[in-house]
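Okay, structure first, notes after.
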Amino acid sequence: MIVPPTVGGHQHLVIDTGAEDTKCTLSSYSDRVALGRADPYLVIRIPASTRAQLYDLRAGTYDILIETGQDWDRESNTFLMPRSQRRSMQPLRLFGPHTLILTTYPVQNGDFLLTDI
């Protein structure tokens, strides 16, 4: 984790990556809408073709930014060779006892739409 959650909770999120290393940033959806920006709640780097299981997250509505690339730079926490940036078309809602599974790449007939930015 690059930025660990500042406030814990009881939510469970699973993130599946595709063929590229991925950096996921979750931030407050309401802050981004109201202020145009939001401090990250969680930032995690996940290797290609991996499943990250995140436990004890705070319930809430989040904006998610997904970045892919190669050659991770530990100093700047960025990819030296960025490939793509995608943002969710809708807020990510973490509520309830179920586990939410998110793919960081577009899938046919998926129910969580991503757009390139």
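These values consider heavy atoms only, across backbone and side chains, with no hydrogens, waters or symmetry-generated copies.
Put simply, Y105 and F79 are part of two different groups of oily side chains (I, L, V, M, F, W, Y) that touch within less than 4.5 Å, one to the next. Hydrophobic cluster membership differs between L35 and Y29, with clusters built from Ile, Leu, Val, Met, Phe, Trp and Tyr side chains linked at under 4.5 angstrom. Under a hydrophobic clustering in which Ile, Leu, Val, Met, Phe, Trp and Tyr are joined whenever their side-chain heavy atoms come within less than 4.5 Å, directly or via other members, F95 and V7 fall into different clusters. Residues V43 and L102 do not share a hydrophobic cluster, defined by chaining ILVMFWY side chains whose heavy atoms lie under 4.5 Å apart. Hydrophobic cluster membership is shared by I44 and L13, with clusters built from Ile, Leu, Val, Met, Phe, Trp and Tyr side chains linked at under 4.5 angstrom.
A distance of 5.5 Å separates CG of L42 from CE of M1, quoted to the nearest 0.5 Å. Rounding to the nearest 0.5 Å gives a distance of 7.5 Å between CD1 of I66 and OG of S88. One distance of note links OG1 of T61 with CG of L94; it measures 8.5 Å at 0.5 Å rounding. With rounding to the nearest 0.5 Å, the separation of CG in N77 from CD1 in I2 is 4.5 Å. To the nearest 0.5 Å, atoms CE (M81) and CG (D71) are separated by 6.0 Å. In this structure, Q85 CD and T115 OG1 are separated by 11.5 Å, a value rounded to the nearest 0.5 Å.
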Passes side-chain contact (heavy atoms from CB on, under 4.5 Å), I64 versus T25? Steps please.
-> CA-CA 6 Å; I64 185 165; T25 303; over 6 Å; no
Give the intermediate values and the outcome of side-chain contact (heavy atoms from CB on, under 4.5 Å) for residues H12 and Q53.
-> CA-CA 7 Å; H12 183 198; Q53 298 199 34; 3.5 Å; yes
Evaluate side-chain hydrogen bond (donor to acceptor under 3.5 Å, both in side chains) for T68 paired with S84, printing each intermediate quantity in order.
-> CA-CA 5 Å; T68 63; S84 68; 2.7 Å; yes
Given side-chain contact (heavy atoms from CB on, under 4.5 Å), test W72 with K23 step by step and report yes or no.
-> CA-CA 10 Å; W72 182 253; K23 175 183 168 184; 3.8 Å; yes
Apply side-chain contact (heavy atoms from CB on, under 4.5 Å) to the pair C24 and T104, showing each step before the final yes or no.
-> CA-CA 8 Å; C24 293; T104 61; 3.7 Å; yes
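A cation-pi geometry, defined here as NZ or CZ lying under 6.0 Å from the six-membered ring centre and within 45° of its normal, holds between R58 and Y41.
In this structure a side-chain-to-backbone donor-acceptor pair under 3.5 Å is missing from S49 to A19. The main-chain N or O of D31 is found under 3.5 Å from a side-chain atom of S28 such that the two form a donor-acceptor pair.
The residues D21 and R45 are annotated as salt-bridged, a charged nitrogen and a carboxylate oxygen being separated by less than 4.0 angstrom.
Side-chain contact between R32 and R87: present, with at least one pair of heavy atoms (C-beta onward) separated by less than 4.5 Å. Counting only heavy atoms from C-beta outward, the side chains of L100 and L92 approach each other to under 4.5 Å.
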